[in-house]
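To start, the structure under review is shown below, and the notes come after it.
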Protein chains: 2
Amino acid sequence: MDPVTIKDIAHALNLSTSTVSRALRDSYEISPETKRLVMEYAERLNYRPNPIALSLKGSSSKALAVIVPQIANNFFSQAINGIEAIAYNRGYHVIIFQTHESYEREVANVQQAVSRRVDGLLLSLSSETSDVKHLQALIDQGMPLVLFDRVAAELPVTQVVADNFGGAYAATSHLLQTGRRRIAHLTIPPYLSIAQERLAGYRAALEQYGVPYDENLVRYGTFGPDEAGPLVDELLALSPPPDAFFTASDRLALGCLGALRQRGIDVPGQVALLSFTNSQSAHLLNPPLSTVTQPAQEIGQLAAERLIELIERKHKSTGPSTMKLPTTLVVRESSRPLAKVVS
Amino acid sequence: MDPVTIKDIAHALNLSTSTVSRALRDSYEISPETKRLVMEYAERLNYRPNPIALSLKGSSSKALAVIVPQIANNFFSQAINGIEAIAYNRGYHVIIFQTHESYEREVANVQQAVSRRVDGLLLSLSSETSDVKHLQALIDQGMPLVLFDRVAAELPVTQVVADNFGGAYAATSHLLQTGRRRIAHLTIPPYLSIAQERLAGYRAALEQYGVPYDENLVRYGTFGPDEAGPLVDELLALSPPPDAFFTASDRLALGCLGALRQRGIDVPGQVALLSFTNSQSAHLLNPPLSTVTQPAQEIGQLAAERLIELIERKHKSTGPSTMKLPTTLVVRESSRPLAKVVS
DNA sequence: TTGTAGGCGTTATCAA
DNA sequence: TTGATAACGCCTACAA
């Protein structure tokens with residue numbers, strides 16, 4: 001049972017394809033009688049316009065591309081969730097691409113998305129990406145584009161991010177307030193906008209408390225497997241060693257916590273641990289992990305909304321802007337009451 | 001800068017579109033000289049065939065649809081990861097659809113996938129789905145289809161699953177071996193194949209140990225938020241109350257653990273907890289959670305491999321089959337050494 | 001060895 | 001109010 005086409009309907013009803021096409025789109029130039037006939041028949045045969053043909057014809061494809069480094073990552077899977085929710089409501093489909101943190105794959109994915117004639121792109125940069133010419137080209141072509149989370153401020157497009165500076169500032173401040181002075185920062189590759197902002201927030205808090213910045217305390221992970229252990233060892237070998245860890249991701253936090261416990265270090269007695277995270281089980285960890293949470297789903301939703309706005313009324317474009325969503329600091333150290341601070 | 005088409009190349013080189021088309025496909029009937037000319041020019045202009053036109057033409061679209069209940073779920077995001085890896089290597093793209101556990105959306109998504117002319121579908125049933133006519137129709141149309149994880153044995157298609165029976169049997173046996181006798185089973189909706197198989201494994205282990213099956217000890221969740229608490233309360237109100245919980249998912253395990261701790265119940269002293277899970281941090285929980293792990297990524301990979309096989313050589317189809325991948329029981333109770341049992 | 005024509009499903013333009 | 005035709009980008013008989 002091949003899909004029903006306009007041609008089938010035209011044939012069956014002894015009409016021309018153009019008449020059927022117009023009837024289906026409820027055109028004013030078709031008689032009510034013909035419309036009824038066509039509509040009913042189409043309904044009965046469960047006619048669905050072929051989106052491929054529509055795309056080829058040059059109108060919209062009703063598809064959005066989402067390009068992320070990794071799906072199997074709480075932040076991104078939650079963000080995609082938000083994107084998909086909005087897209088679905090507005091009649092768009094979502095085609096997902098993963099870059100696996102590779103610049104090459106990012107470029108290839110962008111090309112593919114374009115040749116698939118998506119109506120717009122949502123993108124979060126790979127950690128390898130420092131050159132954004134491929135995105136500039138996209139913008140020059142007039143392709144609707146919204147960046148989220150890992151963005152490139154120099155690009156004239158809408159960007160949706162969490163308040164990474166504020167979150168890192170709040171996190172570091174909290175550690176300082178509870179008496180920590182040697183705060184290690186275990187973070188993600190330094191090209192990334194979010195890494196830079198978090199580092200800036202961390203430094204700002206240190207400065208505020210008159211604690212000198214020590215670059216030895218900052219280490220960059222690479223998304224490799226089991227990378228936290230060695231980095232933790234390096235940090236513990238410093239003298240004096242850190243009395244707190246501020247990590248920039250779920251993965252680093254879990255790796256760090258595992259490494260610390262394996263080495264018999266009391267958390268948070270000897271060393272405190274606080275992390276950016278989107279994991280659902282931070283409060284069930286041993287010890288419960290204090291966290292800075294990004295509103296992943298909301299970021300996805302907002303980004304998708306902006307993109308669809310851009311697509312559907314390119315003319316009255318309000319121009320690019322950067323949207324910062326607040327992060328939430330949740331303190332879960334067993335010794336103190338549960339507290340929330342919104343940055 | 002509009003994308004370059006065959007027509008552009010033909011025009012520039014004073015050739016016909018068919019000659020260019022054939023030259024690009026390295027057809028034997030084109031002179032080496034012309035081929036070189038065309039190839040070089042195409043290269044220079046960075047020509048890429050328009051996949052939309054190709055799809056419309058009726059050949060393959062080089063796209064696969066993946067339909068899952070939820071992306072923001074460790075099992076599925078890891079499975080998609082595996083799918084995407086295989087698909088990418090074989091030159092396919094992945095279009096992802098979420099059903100949000102809704103039968104209606106599942107049907108709609110299948111339709112959409114078909115009208116997007118995907119070359120094949122990978123699907124994991126929604127928890128609402130009991131009627132699989134929409135899939136039977138797909139099969140009748142000759143559309144390549146592979147089911148994974150949540151499958152429907154009655155459909156004559158390739159199915160890729162974890163050994164849910166074996167995993168549940170191993171898990172329950174372990175709890176019985178450690179002296180538990182009132183083992184509650186907190187699981188997912190009963191329509192799902194995996195729920196049934198896990199229940200069967202649970203029952204088989206009980207029988208093996210001569211422990212009578214008590215249906216009061218089995219409760220079904222519905223993927224709602226915060227649903228574990230009430231279910232845990234109901235179970236604890238039984239007399240005698242359970243001395244162990246065997247949960248069927250990450251979500252239920254975390255909900256259950258949270259509920260138990262909130263109620264001041266010692267885990268695993270008073271009540272043991274063991275779960276099917278794909279979370280990365282089970283060993284960092286308090287207490288470390290013993291788990292049965294599904295090879296999510298491998299399931300995705302295998303399913304994608306099978307699907308692509310099906311697509312690329314429909315003729316010598318080897319017929320539908322069910323593939324069961326082993327699960328792994330990891331015991332992490334603080335009182336005993338780390339052990340692994342493969343089912 | 002190369003070119004011409006038709007078609008995939010749809011819409012837009014122009015004619016009837 | 002309806003129909004014929006061309007076009008989107010590509011491929012493939014069939015003709016030259």
Side-chain angles (χ1 to χ4, degrees), chain A residues 1-39 41-42 45-63 91 111-112 114-119 141, chain B residues 1-39 41-42 45-63 111-119 141:
Chain A
M1 255 265 288
D2 281 338
V4 184
T5 73
I6 277 193
K7 201 184 267 182
D8 298 329
I9 300 178
H11 213 249
L13 266 45
N14 253 318
L15 289 171
S16 75
T17 57
S18 30
T19 305
V20 174
S21 173
R22 278 182 284 229
L24 289 170
R25 329 197 83 239
D26 205 17
S27 160
Y28 65 98
E29 32 182 14
I30 300 293
S31 76
E33 176 56 12
T34 310
K35 269 188 201 169
R36 198 185 51 73
L37 223 61
V38 171
M39 297 283 210
Y41 191 76
L45 265 63
N46 196 23
Y47 166 78
R48 296 278 175 268
N50 180 335
I52 303 280
L54 289 178
S55 315
L56 182 56
K57 194 70 184 78
S59 69
S60 89
S61 65
K62 287 288 182 183
Q111 275 211 349
Q112 273 291 341
V114 171
S115 64
R116 290 245 167 228
R117 296 287 190 277
V118 295
D119 292 340
Q141 285 171 35
Chain B
M1 256 264 290
D2 281 339
V4 184
T5 73
I6 276 193
K7 200 185 269 183
D8 297 329
I9 300 179
H11 214 249
L13 265 45
N14 253 317
L15 289 170
S16 74
T17 57
S18 39
T19 305
V20 174
S21 172
R22 280 183 280 230
L24 288 170
R25 328 196 83 238
D26 205 17
S27 159
Y28 65 98
E29 33 182 10
I30 299 294
S31 76
E33 176 57 14
T34 311
K35 269 187 200 169
R36 200 185 48 73
L37 222 62
V38 172
M39 298 283 209
Y41 192 75
L45 264 63
N46 196 22
Y47 166 78
R48 295 277 175 270
N50 179 335
I52 304 279
L54 288 179
S55 316
L56 183 56
K57 192 67 186 75
S59 68
S60 90
S61 64
K62 286 289 180 182
Q111 276 211 347
Q112 273 291 341
V114 170
S115 65
R116 290 245 168 230
R117 296 287 190 277
V118 294
D119 292 340
Q141 283 171 35

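Note on naming: letters A, B, ... go to the chains in the order of the sequence lines (proteins, then strands), and numbering restarts at 1 for each one.
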Leu54(A) side chain, from C-beta outward: closest of dT4(C), dT10(C), dT1(C)
dT10(C)
Round to a whole Å and report the spacing from CG of Asn14(A) to P of dG3(D).
9 Å
Checking Val38(A) against Leu13(A) for the side-chain contact (heavy atoms from CB on, under 4.5 Å) test, could you report, in this order, the C-alpha distance in whole Å, the side-chain angles of both residues, the deciding distance, and whether it holds?
CA-CA 8 Å; Val38(A) 171; Leu13(A) 266 45; 4.0 Å; yes
So, OP1 or OP2 of dC8(C): does either fall under 4.0 Å of a side-chain N or O from Ser55(B)?
no
State, to 0.1 Å, how close Leu24(A) and Met39(A) come at their nearest heavy-atom pair, and which atoms those are.
O-CE, 4.2 Å
Please give, in whole Å, the distance from dC8(C) P to Arg116(B) CZ?
21 Å
Quickly work out the Leu13(A) CG to dT1(D) P distance and round it to whole Å.
18 Å
Residue mapping more 5' on DNA chain C - nearest nucleotide basis, Leu15(B) or Ala53(B):
Leu15(B)
Ile30(A) has an atom CD1; how far is it from atom P of dG3(D), in whole Å?
8 Å
When rounded to the nearest 0.5 angstrom, what distance separates CZ in Arg36(B) from CD1 in Ile30(B)?
14.5 Å
Rounded to whole Å, OH of Tyr47(B) lies from P of dG9(D) at a distance of 10 Å
Tell me: NE2 of His11(A) to P of dG9(C), nearest whole Å?
14 Å
Does dT10(C) have its OP1 or OP2 closer than 4.0 Å to a side-chain nitrogen or oxygen of Thr17(A)?
no
Working to the nearest 0.5 Å, report the span between CD1 of Ile6(B) and CZ of Arg22(B).
10.5 Å
To the nearest angstrom, the CD1-C1' distance between Ile52(A) and dT11(C) comes to 16 Å
Nearest 0.5 angstrom please: Lys7(A) NZ to Thr17(A) OG1, how far?
8.0 Å
Closest listed nucleotide, where the reference is the side chain of Lys57(A) and the choices are dT1(D), dT1(C), dT11(C)
dT11(C)
Phosphate OP1/OP2 of dG3(C) contacted by Ser16(B) side-chain N/O (<4.0 Å)
yes
Any idea which of dC10(D), dG3(C), dG9(C) is nearest the Asn50(A) side chain?
dG9(C)
Among the candidates dG9(D), dC10(D), dT10(C), find the nucleotide nearest to the side-chain atoms of Arg117(A).
dG9(D)
Candidate nucleotides dC10(D), dT2(D), dT10(C), ranked by approach to the side chain of Ile6(A) - the nearest:
dT10(C)
Answer yes or no: does a side-chain N or O of Tyr28(A) lie under 4.0 Å from OP1 or OP2 of dT2(D)?
no
Could you state the atom-to-atom distance from CG of Leu56(B) to P of dT11(C) in whole Å?
13 Å
Side chain of Ser55(A), backbone of Arg117(A): donor and acceptor closer than 3.5 Å?
no
Compare the minimum distances between each of dT10(C), dT1(C), dC8(C) and the side chain of Lys7(A), then state the nucleotide with the smallest one.
dC8(C)
To the nearest 0.5 Å, what is the distance between CG on Leu45(B) and CG on Asp8(B)?
7.5 Å
Give the residues of residues 18-25 of chain A touching DNA chain D, defined as any heavy atom closer than 4.0 Å, sorted by residue number.
Ser18(A), Thr19(A), Arg22(A)
Residues passing the side chain to side chain contact (heavy atoms under 4.5 Å, CB included) test with Asn14(B), sequence neighbours excluded, are none
